[in-house]
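Atom set for the values below is all heavy atoms of this structure, side chains included, hydrogens, waters and symmetry mates excluded.
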Amino acid sequence: ISTIRYSIRTARYRLFDRSPSQHTLTHKQANVVKESSSTPPTNVPSVRVPETTMKLALFELMRMNRICRMVLATCLGSFILVIFYFQSMLHPVMRRNPFGMDICCRKGTRSPLQELYDPTQMEYSSLALIHQGRRDQVADTCRVASASSRKRRVLTPADLRHLVVDEDHEMIYCYVPKVACTNWKRVMMVLTGRGKYSDPMEIPANEAHVPSNLKTLNHYSIQEINHRLKNYMKFLFVREPFERLVSAYRNKFTRKYNTSFHKRYGTKIIRRQRKNATQEALRNGDSVKFEEFVAYLIDPHTQKEEPFNEHWQTVYSLCHPCHIHYDIIGKYETLEEDSNYILRLAGMGDYLKFPTYTKSTRTTDEMTAEFFQNISSEHQTQLYELYRLDYLMFNYSVPTYLKLE
């Protein structure tokens, strides 16, 4: 600003072709002006401005005018950028997904929990009744199990490692391996990513299982845990227990790439359950038979040694439905319908759809029956006892292929 003022003064002085000191009248000229104000003094020379000086002065004024406009435009642009920066900090970024839909935070002011238990909600009344029946089934089973057991267990933060928290949409998802948990983790990454992701299927499967990509409930304080369990909508997905078990076996013990499971569990199972095992089988652990896997699960020493791996652990032990009240209990058999119902409750039904399952190698009920053909009725009965609560709690019938004692 000081530079602009100085340049303007300089331009004015150049306009009259004299220095600042020349603007003062001489004593003689001053007397002439006092003597006659009506008659122009004849002895005072007239001031003539050379043409080149005038052009230079006008050019200087024009240049300073351009500088002023540039400074003003720069200030205005900076001000606008500052406004946009603070808006982006206060509001989530919106991105376009491949379907032309905006992914952002929950629409509206009501939480999914309020939407679910809204008595005036007519649009989802049939689904609401289905899920009410599933909640009642869990509550009744827990009541019976509690009455017949003397054990009273209190949950610790370590028990909450499978509960994924979505703060933006006020939801908690308990993931169960082998029940579409990879796709649901992808969806949760879209919901919690603040615009980082738009299409769930663009997220690689291995990235969906990186623990740091999703926040779980065990990372909160006790007070924060209780607040979220009370005020957030909680949901999980379940599957026919033995179908899920066969799916876990096929994925972890019949795929050559799962060497970590072969080394950690396969070698142990073969050593305990196979007589006259070869050194190669003991070393690699990649040839576990389903009968050996079942014998390992029902062996009393197995759970005394360490808890079941999450892929074949019961839903009862992973998600603790007798301690945590789940508002939505989705089923693998109605996966797409239940998933999109949850997304609609979260206000995201028009923006995000659950990925359609097109995998042709999925484990079916018929396939599960074939795996159980070589399992003795004694082992079938013992295995059913391990998963009995999951069968009762989630209203699955005893499979017709079982020969229970």
Side-chain angles (χ1 to χ4, degrees), residues 88 90-118 121-128 130-131 162-177 179-217 228 231-239 326-359 362:
S88 67
L90 292 173
H91 300 287
V93 178
M94 298 180 69
R95 292 183 59 181
R96 304 292 291 183
N97 73 4
F99 305 101
M101 299 180 292
D102 291 325
I103 301 297
C104 69
C105 291
R106 170 169 48 85
K107 304 295 180 183
T109 57
R110 304 207 310 172
S111 71
L113 203 61
Q114 292 170 326
E115 291 286 348
L116 177 64
Y117 294 108
D118 180 6
Q121 182 188 184
M122 299 299 296
E123 183 182 357
Y124 313 129
S125 57
S126 60
L127 284 172
I130 290 172
H131 288 282
H162 278 245
L163 276 71
V164 177
V165 181
D166 175 4
E167 294 289 358
D168 292 332
H169 304 90
E170 298 184 3
M171 298 193 302
I172 297 175
Y173 161 57
C174 183
Y175 70 90
V176 179
V179 192
C181 79
T182 301
N183 279 350
W184 253 111
K185 284 184 177 181
R186 285 168 166 156
V187 170
M188 294 296 283
M189 287 176 69
V190 173
L191 292 174
T192 62
R194 296 292 181 98
K196 184 178 179 181
Y197 307 101
S198 58
D199 183 3
M201 296 312 292
E202 289 181 353
I203 303 173
N206 60 335
E207 189 175 340
H209 295 293
V210 175
S212 59
N213 284 336
L214 292 168
K215 192 170 184 180
T216 51
L217 197 59
R228 282 154 181 79
N231 295 287
Y232 287 14
M233 186 179 80
K234 301 163 290 298
F235 67 95
L236 78 162
F237 278 81
V238 298
R239 185 179 184 178
Y326 286 93
D327 305 288
I328 296 289
I329 299 166
K331 290 200 170 186
Y332 192 74
E333 295 76 17
T334 53
L335 174 63
E336 196 170 339
E337 181 183 27
D338 292 340
S339 297
N340 289 323
Y341 176 54
I342 291 168
L343 292 175
R344 289 199 300 272
L345 290 172
M348 298 298 295
D350 295 331
Y351 305 89
L352 182 64
K353 300 296 181 185
F354 190 80
T356 304
Y357 195 85
T358 57
K359 198 173 180 181
R362 66 177 292 267

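Using modelled atom types, one side-chain atom of N340 and one backbone atom of F354 make a donor-acceptor pair closer than 3.5 Å. A donor-acceptor pair is defined here as one N or O able to donate and one able to accept, closer than 3.5 Å; no such pair exists between the side chain of R239 and the backbone of Y332. Under a 3.5 Å cut-off, the side chain of N213 and the backbone N or O of A208 do not form any donor-acceptor pair.
The two residues M233 and L113 come nearest to each other via the heavy atoms CA-CD1, 3.8 Å. In plain terms, the two heavy atoms of Y173 and C181 that are nearest each other are OH-CA, 3.4 Å. Looking at every heavy atom in both residues, V187 comes nearest to P355 through CG2-CD, 3.9 Å. When all heavy atoms of T192 and L214 are compared, the closest pair comes out as OG1-CD2, 3.9 Å. Considering all non-hydrogen atoms of both residues, H162 and P177 come closest at CE1-CD, 4.1 Å. Contact record, H169 with A346: CD2-O, 3.8 Å, taken as the closest heavy-atom pair.
Once rounded to the nearest 0.5 Å, the distance linking OH of Y341 with CD of E115 reads 9.5 Å. Note that CG of L345 is 10.0 Å distant from CZ of R110, once rounded to the nearest 0.5 Å. In this structure, the separation between NZ on K185 and NE2 on H209 is 5.0 Å, given to the nearest 0.5 Å. Taking OG1 from T182 and CD1 from I203, the interatomic distance works out to 11.5 Å, rounded to the nearest 0.5 Å. With rounding to the nearest 0.5 Å, the separation of CG in D168 from CE in M348 is 9.5 Å. Note that CG of L191 and OH of Y197 are 13.0 Å apart. Values are rounded to the nearest 0.5 Å.
Between K353 and E336, no side-chain nitrogen of the basic residue sits less than 4.0 Å from a carboxylate oxygen of the acidic one, so the salt-bridge criterion is not met.
P200 has its side chain within reach of L352: a pair of non-hydrogen atoms, C-beta onward, lies under 4.5 Å apart. Side-chain contact between E167 and R228: present, with at least one pair of heavy atoms (C-beta onward) separated by less than 4.5 Å. Using a 4.5 Å cut-off on side-chain heavy atoms (C-beta onward), L236 and W184 make no contact. Residues I130 and K331 form no side-chain contact, since every pair of their non-hydrogen atoms from C-beta on lies 4.5 Å or further apart.
Among I329, I328, T334, I342, the one residue that satisfies the side-chain contact (heavy atoms from CB on, under 4.5 Å) test with F237 is I342. The side-chain contact (heavy atoms from CB on, under 4.5 Å) with Y232 is formed by just one residue from the set L163, I172, D327; it is I172.
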